[in-house]
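I have placed the structure first, in the form of structure tokens, so that the comments after it can refer back to it.
Side chains are part of it too, since the values below use all heavy atoms of this structure and drop only hydrogens, waters and symmetry mates.
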Amino acid sequence: MEEYNGDIIRLDRLIEFLPDEFWIWDETENITLEDISVAIHDGLPEVNEPYGDTWKHPALEKKSREWHIGRIIYFINHPTEIRDIYLEEECWEGFILPSITINDGWHRYAAERWLYDQGKMSTVHCQYGGREDILDYLKGTTDEYLMEAI
């Protein structure tokens, strides 16, 4: 396996910034952690087709709710491929806010959230662009970060 050059962060800390337990793509209904569990139980097949990377895999058509759940299931079944989730912090009027957004990797994040809730994953590989104090907090290097915008 090639050397990983991203950041390994704690999921419990990332969840503090991204606490939602549902996701929506392509104007479908919410997809919850429970929906994912039911789909796995019912044998919904996994989807190994990339989605939404603007440069490599642009989303040229809307996909069904089942397709998106299948994509999440793919990553649940292949957790070593949950990496390179692109995280950034929100900016507003020239300030960097202590909040995180995912630029790429929402299906991977949904899969890791499901795996985290099952006690099967505690850290994740990310590419992070933002404040060092937030990154240190996410990695577990420190237990504090500045709550205000800088």
What is the minimum heavy-atom distance between [X] and [Y], and which atoms define it?
X    : Y   : value
P79  : I76 : CD-O, 3.5 Å
L87  : I9  : CD1-CD1, 3.7 Å
I73  : L44 : CD1-O, 3.8 Å
Y74  : E46 : CD1-OE2, 3.4 Å
W67  : P50 : CH2-O, 4.4 Å
R108 : R83 : NH1-O, 2.7 Å

Handout entry: Donor on one side chain, acceptor on other, T101 and E90, under 3.5 Å
Key = no
Exercise for the section: Go through I134 and I96 one step at a time and tell me if the side chain to side chain contact (heavy atoms under 4.5 Å, CB included) criterion holds. Expected result: CA-CA 11 Å; I134 302 289; I96 302 172; over 6 Å; no
Could you check whether any side-chain heavy atom of [X] comes within less than 4.5 Å of a side-chain heavy atom of [Y], counting everything from C-beta outward?
X    : Y    : value
L138 : I100 : yes
L33  : Y116 : no
I72  : W106 : no
V124 : I82  : yes
L14  : I85  : no
W25  : H107 : yes

Pairwise distance [atom1]([X]) to [atom2]([Y]) - rounded to 0.5 angstrom:
X    : Y    : atom1 : atom2 : result
K139 : E132 : NZ    : CD    : 7.5 Å
E81  : N48  : CD    : CG    : 6.5 Å
D104 : Y86  : CG    : OH    : 7.0 Å
E88  : S99  : CD    : OG    : 11.5 Å
F95  : I150 : CZ    : CD1   : 10.0 Å
T142 : D136 : OG1   : CG    : 6.5 Å

Handout entry: Audit row: D7, L135, side chain to side chain contact (heavy atoms under 4.5 Å, CB included) steps and yes/no
Key = CA-CA 8 Å; D7 297 299; L135 177 59; 3.8 Å; yes
Practice task
Determine whether M121 and W23 fall in the same hydrophobic cluster, where Ile, Leu, Val, Met, Phe, Trp and Tyr are linked whenever their side-chain heavy atoms lie under 4.5 Å apart.
Solution key: yes
Problem - salt bridge (charged side-chain N to carboxylate O under 4.0 Å, His left out) partners of E66, counting only residues at least two apart - result: none
Handout entry: Non-neighbouring partners of D143 that pass salt bridge (charged side-chain N to carboxylate O under 4.0 Å, His left out), sequence neighbours left out
Key = R13
Practice task
Mind jotting down which residue pairs meet the salt bridge (charged side-chain N to carboxylate O under 4.0 Å, His left out) criterion with at least one end in residues 28-42? Sequence neighbours excluded, please.
Solution key: D35-R65
Problem - Selection residues 113-125 - residue pairs positive for salt bridge (charged side-chain N to carboxylate O under 4.0 Å, His left out), sequence neighbours left out - result: E21-R113
Completion exercise
Residue pairs passing the ring-ring contact (aromatic ring centres under 6.0 Å, His included) test with at least one member in residues 131-150, sequence neighbours excluded, are F17-Y145, Y137-Y145
Closer than 3.5 angstrom, by distance alone: can the side chain of [X] be matched with the main-chain N or O of [Y] as a donor-acceptor pair?
X    : Y   : value
D26  : K63 : yes
R71  : E49 : yes
Y109 : L18 : yes

Practice task
Identify, with sequence neighbours excluded, every residue that meets side-chain contact (heavy atoms from CB on, under 4.5 Å) alongside I24.
Solution key: T28, N30
